[in-house]
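Worksheet: the structure to be examined is printed underneath.
Index from 1, following the sequence. Predicted, not measured: the structure shown is a model, and the values here were computed from it.
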Amino acid sequence: MKRALIMAAACIMLGSCSHNGRDNSENEAVTNEHFGSFYIGICQSYDFKYESTPVFKDNMVGISITDADGKEVFYFEPVRKLDFYGVCWEKDNYNIWVQSGDIGTVCYAYHDGEWTLDKDAVRPDYIISKYD
């Protein structure tokens with residue numbers, strides 16, 4: 001019974017944090033009470049060219065990036081599942097930010113069809129962290 005309640009709560013939380021279909025290209029950040037500009041569900045790039053979807057497996061969270069046709073174009077595993085606080089796209093490019101309880105807020109910069117960790121990236125003011 002306890003396990004069923006925990007699973008139900010997790011499903012409700014994931015569903016309520018989904019960002020599917022929401023336009024995040026506005027000048028003001030779309031935020032939620034617990035994660036700032038970050039979403040645990042599906043997020044779309046500013047121009048809807050790409051979509052990021054978290055993939056929960058084992059102890060890690062992977063980020064699957066698909067194009068407008070639904071074809072996976074890139075995949076990476078940035079954080080542990082227990083520490084994952086969502087993703088957020090920048091509003092004028094394809095850089096994606098990942099928020100985590102253990103590594104903080106980090107940028108995966110887009111270059112030539114790939115997303116790689118950019119340790120020197122400066123988070124734009126319009127992206128609000130859980131900790132702000």
Say you draw a straight line from OG1 of Thr66 to NZ of Lys49; how long is it, rounded to the nearest 0.5 Å?
12.5 Å
Straight-line distance of Trp89 CH2 to Ser45 OG, nearest 0.5 Å
5.5 Å
Quick one: does any side-chain atom of Asp83 pair with a main-chain N or O of Arg80 as donor and acceptor, under 3.5 Å?
no
Is the side chain of Lys91 donor-acceptor paired with the backbone N or O of Tyr46 at a distance under 3.5 Å, no angle test?
no
Should Trp97 and Ser129 count as side-chain neighbours, where that means a heavy-atom distance under 4.5 Å?
no
Asp118 side chain to Tyr108 main-chain N or O, any donor-acceptor pair under 3.5 Å?
no
For a side chain to side chain contact (heavy atoms under 4.5 Å, CB included) with Ile96, tell me which candidate from Phe74, Phe76, Tyr110 qualifies.
Phe76
Give the C-alpha distance, both sets of side-chain angles, the deciding distance and a yes or no for side chain to side chain contact (heavy atoms under 4.5 Å, CB included) between Val98 and Phe38.
CA-CA 8 Å; Val98 177; Phe38 294 80; 5.9 Å; no
Mind checking the CD1-OH spacing from Ile63 to Tyr75? Nearest 0.5 Å is all I need.
8.0 Å
Reported CD1-to-CZ distance for the pair Ile40 and Phe56, which is rounded to 0.5 angstrom:
6.0 Å
To the nearest 0.5 Å, atom CG of Leu82 lies from atom CG of Asn59 at 7.0 Å
Is it the case that the side chain of Trp115 and the backbone of Tyr94 share a donor-acceptor pair, with hydrogens and angles ignored and the cut-off at 3.5 Å?
yes
Hey, does the side chain of Asp58 reach the backbone of Met60 with a donor-acceptor pair shorter than 3.5 angstrom?
no
Closest non-hydrogen atom pair between Cys107 and Glu90, with its separation
SG-OE2, 4.4 Å
Which atom names give the shortest non-hydrogen contact between Pro54 and Gly41, and what distance separates them?
CD-O, 3.5 Å
May I ask you to decide if Asn95's main-chain N or O and Asn93's side chain share a donor-acceptor pair within less than 3.5 Å?
yes
Locate the shortest heavy-atom distance separating Glu77 from Lys57; write the atom from each residue and the value.
OE2-CE, 2.9 Å
Can you tell me how far the CG atom of Asp132 sits from the CG atom of Asp125, to the nearest 0.5 Å?
9.5 Å
Grab the two heavy atoms, one from Glu72 and one from Ser64, that are nearest each other, plus how far apart they are.
OE2-OG, 2.5 Å
Over all atoms of both residues, closest heavy-atom pair of Gly101 and Tyr131:
CA-OH, 3.7 Å
Please determine whether residues Val55 and Ile65 belong to a single hydrophobic cluster, defined as Ile, Leu, Val, Met, Phe, Trp and Tyr linked transitively by side-chain heavy-atom distances below 4.5 Å.
no
